[in-house]
Number of protein chains: 2
Amino acid sequence: MTSLHVAIADDHAVVRTGYRRLLELEPNVSVVAEFADCETAYTWLSANHADILILDLSMPGRGGLETLRRLKARVPTLKVLVFSMHGAPAMVSQAMQAGADGYLTKSSAPEALIAAVLDLGAGGHPLSAEAARALGEAGNDSQAPHQVLSPREFQVFTMLAQGLAVDEIAARLCVSAKTVANYQTAIRQKTGLSNALEMFRYARTHALLE
Amino acid sequence: MTSLHVAIADDHAVVRTGYRRLLELEPNVSVVAEFADCETAYTWLSANHADILILDLSMPGRGGLETLRRLKARVPTLKVLVFSMHGAPAMVSQAMQAGADGYLTKSSAPEALIAAVLDLGAGGHPLSAEAARALGEAGNDSQAPHQVLSPREFQVFTMLAQGLAVDEIAARLCVSAKTVANYQTAIRQKTGLSNALEMFRYARTHALLE
DNA sequence: TCTTCCATAGGAAAAATTCCCGACTTTTAT
DNA sequence: ATAAAAGTCGGGAATTTTTCCTATGGAAGA
């Protein structure tokens, strides 16, 4: 079996070196390139050959996801293993839709990285347990706010999620603060989001704001 | 010269292994322990000896900064090198005040980690360029949270900014909910941030979280 | 038409927040 | 070394916000 050519994209030099040393313990794996930003990675991989790219999504250059998309469009044969800090359902789901071939969280054991690379080389689609669970969750949002909330409630929800106070919302909608407070209570109960910050996060990850 | 005994605390196993391999290239350095969370680190270091702790502030177990403080109180001879994802001025300043002996950002070159460890062993206080610059800046922002807030207030601030409820914070800090509520009031007054969402946004744009 | 859902809001109770204060400890300055 | 200042912690009371329950009128649907 011929050796797997791996490229690493991560903005932290120390972390890159860590991966490299780890991977080079494996005889069938050789690290052929390292990148500190998305543009460099894209340019190099368009011109040179690698079998697998280990990609940290939280990179500068704005848009690891976007780079992933462009890269898969340009070099479809490249296998991309996303290696991210967090395993948020939305992130995993976004990454897989953008064309990732595997998803590992950084909390995985070191051996898991090697295993995932070998798995990818063999045509597999390695997911960490965390990522797999997240993918499962992503589909079932049957109780999304736009489903369970009435139009007016949803409108108040978006304003709360933007950080507006009850009084301000009441002023803008020209209704009593009492009414808005009551909506707020209903929204909290129906969605389980118990404060404005949770609403904000939910709204952001589900792209419910502008 | 006798060997430097180094301990590593970082919640990502892969990253820990990377540091270890890197450091073990140096003959005068030996890695004597690894920890994935703050409590384990604290317990072990209270009972065993190490010269240097490499500490990732963004660890679970609530409060890398708090652990740093406790650790320096318990084991003053221990040198702590904070190794953080980002070099936000506020974070650097808080870490140094909490007793860190050095501060490196993860974007540093791998050699910088080794150099910093050796420097620490020789009694130095290594700062990455980024961190040093941040320390300089920290003086300017005269009404930034880390300036106007006391350590405890700042701690509560970060938790509020993460969306934790007053009761949850009280439970984690083992103080009365009344106390936390009072801190919250003080924080709101001092910073002008009147709710958790504003605190979150502020904390995010100033990179004060994790 | 009759039922159901929605938008609106008042009242009362419960919970959270604010404001003021005191005790005690640690740090800082003189 | 001692005084002053700052920090931590929480109680009490007043205030504000939130919850829960209820009610009215309108619109949509069977």
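Letters A, B, ... mirror the listed sequences (proteins, then strands); counts begin at 1. Just so it is clear, the values below take in all heavy atoms, side chains as well, and ignore hydrogens, waters and symmetry mates.
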### Message
How bent is the helix from C/dT1-D/dA30 to C/dT30-D/dA1, measuring the angle between the end axes built from five pairs each, rounded to 10°?
### Response
30°
When the distance from [atom1] of [X] to [atom2] of [N] is rounded to whole Å, what number comes out?
| X | N | atom1 | atom2 | answer |
| --- | --- | --- | --- | --- |
| B/Ile169 | D/dC9 | CD1 | C1' | 16 Å |
| A/Leu173 | C/dA9 | CG | C1' | 14 Å |
| B/Tyr183 | D/dA6 | OH | C1' | 11 Å |
| B/Ile187 | D/dT8 | CD1 | C1' | 13 Å |
| A/Asn195 | C/dT17 | CG | P | 10 Å |

### Query
Is any side-chain N of the basic residue among B/Arg172 and B/Glu168 closer than 4.0 Å to the acidic one's carboxylate O?
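A salt bridge is absent here (no side-chain N lies under 4.0 Å from a carboxylate O).
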### Query
Should the pair A/Glu24-B/Arg21 be classified as a salt bridge under the 4.0 Å nitrogen-to-oxygen rule?
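B/Arg21 and A/Glu24: not salt-bridged.
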### Query
Taking the six-membered ring for Trp, are A/Tyr183 and A/Phe157 ring centroids under 6.0 Å apart?
no
Using only atom types and a distance under 3.5 Å, with no angle test, would you say the side chain of [X] pairs donor to acceptor with the backbone of [Y]?
| X | Y | result |
| --- | --- | --- |
| A/Thr179 | A/Val175 | no |
| A/Asp101 | A/Val80 | yes |
| A/Thr17 | A/Ala13 | yes |
| B/Gln155 | B/Pro151 | no |

### Task
Using the side chain to side chain donor-acceptor pair (under 3.5 Å) rule, take B/Asn182 and B/Thr185 through it: C-alpha gap first, then chi angles, then the decisive distance, then the call.
CA-CA 5 Å; B/Asn182 284 334; B/Thr185 299; 5.2 Å; no
### Nearest-0.5 Å distance, CZ of residue B/Phe200 to CD of residue B/Gln162
9.5 Å
### Side-chain touch B/Ile187/B/Leu193, heavy atoms, less than 4.5 angstrom
no
### Task
Measure the acute angle between the ring planes of A/Phe35 and A/Trp44, then classify it against the limits of 30° and 60° as parallel, tilted or perpendicular.
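Rings of A/Phe35 and A/Trp44: tilted, as their planes differ by 30° to 60°.
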### Summary
Nucleotide by nucleotide, nucleotides 14-27 of chain D touches protein heavy atoms under 4.0 Å in the pattern (B base, S sugar-phosphate only, - none) ----SBB-------
### Task
Mind checking A/Thr179 for me? I need base, sugar-phosphate or nothing, with any heavy atom below 4.0 Å counting as a touch.
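Base, at least one base atom sits under 4.0 Å.
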Heteroatom pairs (N/O) under 3.5 angstrom, protein to nucleotides 23-28 of chain C:
none

